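To start, the structure under review is shown below, and the notes come after it.
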Number of protein chains: 2
Amino acid sequence: MTTMRTVPDASVARLPVYLGALGVLADRGDRTVSSDQLAEVAGVSAAKLRKDLSYLGSNGIRGVGYDVLLLMERISEALGLTSEWSVAVIGAGNLGQALAGYDGFAERGFKVQAILDDDAHVIGTRVADHVVQDLAELERIVGEKHIAIGIIAVPAVSAQQVCDELVAAGVQSILSFAPTVLQVPHGVTVRRADLSTELQILAFHADKEKL
Amino acid sequence: MTTMRTVPDASVARLPVYLGALGVLADRGDRTVSSDQLAEVAGVSAAKLRKDLSYLGSNGIRGVGYDVLLLMERISEALGLTSEWSVAVIGAGNLGQALAGYDGFAERGFKVQAILDDDAHVIGTRVADHVVQDLAELERIVGEKHIAIGIIAVPAVSAQQVCDELVAAGVQSILSFAPTVLQVPHGVTVRRADLSTELQILAFHADKEKL
DNA sequence: ATCTGTGAATTTCTTCACAGCA
DNA sequence: TGCTGTGAAGAAATTCACAGAT
């Protein structure tokens with residue numbers, strides 16, 4: 001059993017960025033990369049990058065840099081990406097459909113196993129390569145497909161209820177696109193991907209730019 | 001000219017959440033709210049909420065709480081949401097289409113004025129209530145429609161080029177859904193809304209939960 | 001009596017700067 | 001020499017705790 005170093009949240013949030021940047025370098029055939037180079041591509045300072053990697057007990061070579069593939073391996077391990085994660089999308093509206101068919105998920109080891117909705121008009125229709133299933137079947141599907149992550153793409157008014165159902169079915173990790181704050185019990189992690197919130201933060205900065 | 005208090009980034013990122021929470025309270029008919037109540041709904045601590053609001057030079061009433069509508073007004077002002085912002089969506093794939101038709105934007109004062117793509121098969125088709133326009137027309141459209149914010153919903157390989165074109169056309173605020181880091185000149189703000197990154201961060205936490 | 005607004009204390013995050021290894 | 005890894009310093013964000021307004 002290793003020391004189980006606690007990686008700070010701020011660092012965890014950057015690891016996927018480094019992984020993506022390393023992927024680009026790997027595709028380009030680079031075997032090694034220095035912290036300066038990688039930091040440049042990832043859009044952070046070199047010191048921050050090195051500090052972040054040090055939490056992984058990392059493995060650079062002094063005087064040389066990091067082995068690209070090895071570092072990708074280390075980061076993937078740290079993030080828990082060594083095996084595939086099963087995901088369910090709740091809500092088969094425009095956004096839910098786009099998410100269910102999003103190639104980027106599969107490329108990074110997230111398999112959309114099901115898309116569900118509670119609208120009888122939508123249940124049974126095809127989306128990407130799935131048939132939309134009845135939300136009432138959620139608990140069975142979560143169990144059978146070993147769903148670990150739920151993506152909420154329903155209107156704000158339904159989001160809390162869908163969230164409660166996901167939690168009741170045993171899902172402990174939720175990505176919500178609904179513009180509301182979700183209340184969950186301890187042990188459940190929710191990340192908000194609220195598109196309007198992002199625009200509002202941009203508006204703040206845009207407003208400052210104006211003379 | 002006011003003191004131009006600098007609101008910390010961390011606070012700015014929470015203001016939209018407070019605004020949303022206040023909207024729910026307002027719809028419910030509440031006239032005032034205490035920091036404890038609002039913090040509960042917004043999912044933050046009461047101390048943090050009060051500190052955040054204090055950066056707006058805010059206006060609660062001791063012994064009572066905050067006037068809901070007045071506080072919404074104050075936050076909207078601080079975020080620069082007092083007038084409507086014009087937005088263009090670049091990329092008319094699944095995600096771009098979903099974004100162009102997303103009601104949440106309009107509800108919060110962001111008007112999607114155009115959706116553009118560079119694929120001849122897609123240009124001219126209808127999406128939501130827009131006709132997809134040629135990306136080559138970007139600069140003209142940005143000027144005519146006074147586009148202040150660009151949303152990038154194109155594949156990773158095209159993202160940097162589209163970003164450069166937006167910047168060249170005068171857009172200084174960009175929300176990118178592409179899973180890459182974008183390089184931009186000073187004065188341009190980019191926010192990443194990388195869906196895979198969010199799942200990877202969730203995976204980290206989900207992995208920790210496992211016994 | 002209640003609840004805000006805020007200095008002060010604390011914790012977390014970032015940057016600095018350099019010792020130490022290849 | 002060149003670049004990593006990391007203590008120490010510094011900055012930012014959060015929490016505490018209470019003075020002060022209503």
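Computed from a predicted structure; not experimentally measured. Naming: A, B, ... by sequence-line order, numbering from 1 per chain.
- Residue order along DNA chain C, read from the 5' end via each residue's closest nucleotide, puts B/Gly65 first among B/Gly65 and A/Ile61.
- Computed from coordinates, the A/Leu49 CG to C/dC13 C1' distance equals 15 Å when rounded to whole Å.
- Going from atom CD of A/Gln37 over to atom C1' of D/dG2 covers 12 Å, rounded to whole Å.
- A donor-acceptor contact shorter than 3.5 Å links the side chain of A/Ser196 to the backbone of B/Gly104.
- Here B/Ser35 reaches the OP1 or OP2 of C/dT4: one of its side-chain N or O atoms lies under 4.0 Å away.
- With rounding to whole Å, A/Leu56 atom CG is found 15 Å from D/dT6 atom C1'.
- When all heavy atoms of A/Ala148 and A/Trp85 are compared, the pair lying nearest together is CB-CE3, 3.5 Å.
- Note on A/Ser45: only backbone sugar-phosphate atoms sit closer than 4.0 angstrom, heavy atoms only; bases stay farther off.
- Rounded to an integer number of Å, the gap from A/Asp67 CG to D/dC3 P is 16 Å.
- One atom, NZ of B/Lys51, and another, P of C/dT10, lie 15 Å apart when rounded to the nearest Å.
- Computed from coordinates, the B/Arg62 CZ to D/dG20 P distance equals 9 Å when rounded to whole Å.
- Note: B/Ile152 CD1 to B/Leu95 CG = 12.0 Å, rounded to the nearest 0.5 Å.
- Between B/Glu84 and B/Lys111 there is no salt bridge, since no side-chain nitrogen of the basic residue lies less than 4.0 Å from a carboxylate oxygen of the acidic one.
- With distances taken from any side-chain atom of A/Ser54 to the nucleotides D/dA13, C/dT4, D/dT6, the minimum falls on D/dT6.
- Candidate nucleotides D/dT4, D/dT14, C/dT4 were compared by shortest atom distance to the side chain of B/Tyr55, and D/dT14 ranks first.
- Residue B/Ser34 has no polar side-chain atom (N or O) positioned under 4.0 Å from OP1 or OP2 of C/dC3.
- Here the C1' atom of nucleotide D/dA12 and the NZ atom of B/Lys48 are 13 Å apart, to the nearest Å.
- Residue contacts for B/Asn59: at a heavy-atom cut-off of 4.0 Å it reaches the sugar-phosphate backbone alone, with no base atom in range.
- In this structure, the side chain of B/Arg31 does not engage the main chain of B/Val68 through any donor-acceptor pair within 3.5 Å.
- If B/Ala47 and B/Val64 are placed on DNA chain D by their nearest nucleotide, the residue sitting closer to the 5' end is B/Ala47.
- Of the side-chain N and O atoms in B/Tyr66, one or more sit less than 4.0 angstrom from OP1 or OP2 of C/dG5.
- Atom CZ of A/Arg50 is separated from atom C1' of C/dC16 by 10 Å (rounded to the nearest Å).
- Each of C/dT15, C/dG5, C/dC13 was ranked by its minimum atom distance to the side chain of B/Ser58; first place goes to C/dG5.
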